[in-house]
Amino acid sequence: MRKSKRVKKSNFWKVKQQQDHYIKKSKVLGYRSRASFKLLELNQKFKFIKKNVFLLDLGAYPGGWSQVAGKLVTSGKILAIDIKEMKPINKVNFFKCDIFDQSTKGRILDFFNDKLDVIVSDMAADTTGNKSLDSIRTNQICTEAIKLSTKILKKNGTFVSKLFMGEDFLEVKSLAKSTFKTVNFFKPKSSRNESKETYLHCKILKTL
Ligand SMILES: C[S@@+](CC[C@H](N)C(=O)[O-])C[C@H]1O[C@@H](n2cnc3c(N)ncnc32)[C@H](O)[C@@H]1O
């Protein structure tokens, strides 16, 4: 890309960020990311974060979703996971680890000493600039999270995850439908219109 085009594009994003209502609101409310509003909207619609739940936040950095969970879960337990280090959040425990690591499942179960009520995942692969590839990589992560949920979620538990409306969307949808009794899709207003991201809300594991 030519330099003048690059400068114009980065100015465009700066202005867009400054005008973004959710970025302003997250600063006022002290949230670490505008993503907080996505979890708030998801929970307003599906009401899965109760005060006493055991909740796992996958792909938690920088912590917007964990902050929301930390306010709503008063007598349960919260574990946040990311491959990046995350600064501490009140009432949220953090493990720096990768969902694809063999040891991750055991570490989670050891922490809760039981199965979980809620798994939320906002995990996304680092962007490469190739939208199709980015979407496939993020949907692979979502697929891994669904597989993990079959091993660590209570039968009546809830699984919520980001995924992309890319070419492999139908494969992920079909895996979700064969894993859970109830499967919904929801795009929060706070998710940018131009983004192909949407969210899966699933509950009640099918008996395998
Ligand atoms: C969109 S950000 C999450 C934002 C967060 N929900 C918030 O509210 O601040 C996606 C995160 O997924 C994490 N991630 C990507 N692949 C992962 C993996 N294999 N295991 C754990 N975390 C992963 C990234 O490091 C990144 O921090």
Side-chain angles (χ1 to χ4, degrees), residues 26 29-124 141-163 176 179-184 186 188 190 199-208:
S26 56
L29 296 175
Y31 287 127
R32 292 183 187 178
S33 69
R34 71 191 291 295
S36 295
F37 298 103
K38 299 179 195 173
L39 185 60
L40 285 165
E41 281 188 64
L42 280 155
N43 190 48
Q44 195 171 30
K45 176 141 183 84
F46 299 110
K47 301 186 175 31
F48 49 92
I49 308 184
K50 312 272 190 256
K51 62 181 181 189
N52 58 348
V53 291
F54 281 7
L55 182 147
L56 175 66
D57 179 10
L58 294 170
Y61 173 88
W65 281 28
S66 284
Q67 286 179 301
V68 169
K71 283 185 186 156
L72 298 173
V73 179
T74 48
S75 55
K77 265 171 120 177
I78 305 167
L79 177 64
I81 279 178
D82 204 290
I83 46 179
K84 294 178 192 150
E85 194 61 63
M86 185 171 89
K87 286 194 193 133
I89 294 173
N90 194 22
K91 290 195 279 168
V92 177
N93 294 274
F94 176 74
F95 290 166
K96 182 171 183 273
C97 60
D98 189 323
I99 185 165
F100 288 96
D101 281 354
Q102 291 276 319
S103 57
T104 299
K105 181 190 84 178
R107 290 184 69 189
I108 297 167
L109 288 173
D110 282 351
F111 170 80
F112 287 102
N113 205 16
D114 197 354
K115 289 201 168 175
L116 285 67
D117 302 291
V118 179
I119 299 175
V120 292
S121 169
D122 197 24
M123 287 188 292
I141 296 177
C142 175
T143 299
E144 190 65 21
I146 294 174
K147 289 181 184 161
L148 177 67
S149 72
T150 62
K151 298 181 183 111
I152 64 172
L153 199 58
K154 286 179 189 158
K155 182 160 173 30
N156 288 331
T158 297
F159 172 79
V160 169
S161 175
K162 184 205 288 289
L163 84 162
T179 307
F180 292 96
K181 284 196 179 156
T182 306
V183 175
N184 300 297
F186 179 66
S190 47
Y199 286 83
L200 249 180
H201 164 267
C202 310
K203 60 181 190 180
I204 313 176
L205 282 168
K206 285 185 174 169
T207 321
L208 300 172

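Numbering of residues begins at 1 and proceeds along the displayed sequence. Bear in mind the structure is a predicted one, so any value in this text is a computation, not a measurement.
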* Apply side-chain contact (heavy atoms from CB on, under 4.5 Å) to Phe180 and Leu153, showing your working. => CA-CA 11 Å; Phe180 292 96; Leu153 199 58; 3.8 Å; yes
* Is there a ring-ring contact (aromatic ring centres under 6.0 Å, His included) between Phe186 and His201 once you walk through the steps? -> CA-CA 7 Å; Phe186 179 66; His201 164 267; 9.4 Å; no
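- A donor-acceptor pair is defined here as one N or O able to donate and one able to accept, closer than 3.5 Å; no such pair exists between the side chain of Ser121 and the backbone of Ser161.
- Within a 6.0 Å radius of NZ in Lys181, other residues, nucleotides and ligands contribute 12 heavy atoms or fewer.
- The shortest distance between side-chain heavy atoms of Phe46 and Thr158 does not fall below 4.5 Å.
- In this structure, CG in Asp110 is found 10.0 Å from CD1 in Ile108, a value given to the nearest 0.5 Å.
- Heavy-atom minimum distance, Tyr61 versus Asp82: N-OD2, 3.0 Å.
- Atom CD1 of Ile49 and atom CG of Leu40 lie 8.0 Å apart (nearest 0.5 Å).
- When side chains are defined from C-beta on, Ser33 counts as touching Pro62, because their heavy atoms get closer than 4.5 Å.
- Although no hydrogens or angles enter the test, the distance criterion places no donor-acceptor pair under 3.5 Å between the side chain of Lys45 and the main chain of Leu42.
- The aromatic rings of Trp65 and Tyr199 sit tilted relative to each other, their planes meeting at an angle between 30° and 60°.
- In this structure, Val73 and Val53 approach most closely via the heavy-atom pair CG1-O, 3.6 Å.
- No more than 12 heavy atoms of other residues, nucleotides or ligands lie within 6.0 Å of NZ in Lys203, so this atom counts as exposed by the packing criterion.
- Lys151 and Lys115 get closest at one heavy-atom pair: O-CE, 3.4 Å.
- The two residues Leu55 and Ala69 make their nearest non-hydrogen contact at CD2-CB, 4.1 Å.
- Pairing each heavy atom of Ala80 with each of Met86, the nearest pair is CB-CE, 3.9 Å.
- With a 4.5 Å cut-off on side-chain heavy atoms, Val68 and Tyr31 count as touching.
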* Can you list the steps and then say if Glu144 with Met123 is a side-chain contact (heavy atoms from CB on, under 4.5 Å)? -> CA-CA 11 Å; Glu144 190 65 21; Met123 287 188 292; over 6 Å; no
* To do: Take Ile89 and Phe94 through the test side-chain contact (heavy atoms from CB on, under 4.5 Å) and record every step on the way to the result.
  => CA-CA 9 Å; Ile89 294 173; Phe94 176 74; over 6 Å; no
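- No option in Lys50, Lys51, Lys154 other than Lys154 meets the salt bridge (charged side-chain N to carboxylate O under 4.0 Å, His left out) test with Asp117.
- In this structure, CD1 in Ile119 is found 9.5 Å from CD1 in Ile81, a value given to the nearest 0.5 Å.
- Residue Gln67 holds its CD atom at 12.0 Å from NZ of Lys91, rounded to the nearest 0.5 Å.
- Taken from CD1 in Ile152 to CZ in Phe112, the straight-line distance is 8.0 Å, to the nearest 0.5 Å.
- In this structure, Phe159 and Leu205 have side chains that are not in contact, with every pair of non-hydrogen atoms separated by 4.5 Å or more.
- In this structure, the side chains of Cys202 and Thr179 stay at 4.5 Å or more apart for every pair of heavy atoms.
- Atoms CZ and CG, from Phe54 and Leu79 in turn, are 11.5 Å apart once rounded to the nearest 0.5 Å.
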* To do: List the steps and the verdict of side-chain contact (heavy atoms from CB on, under 4.5 Å) for Val92 and Asp57.
  => CA-CA 9 Å; Val92 177; Asp57 179 10; over 6 Å; no
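- Judged by distance alone, the side chain of Asp101 and the main-chain N or O of Ser103 form no donor-acceptor pair under 3.5 Å.
- Phe95 and Phe111 have perpendicular rings, their planes meeting at more than 60° on a 0 to 90° scale where under 30° would count as parallel.
- Contact record, Lys96 with Arg107: O-NH1, 4.1 Å, taken as the closest heavy-atom pair.
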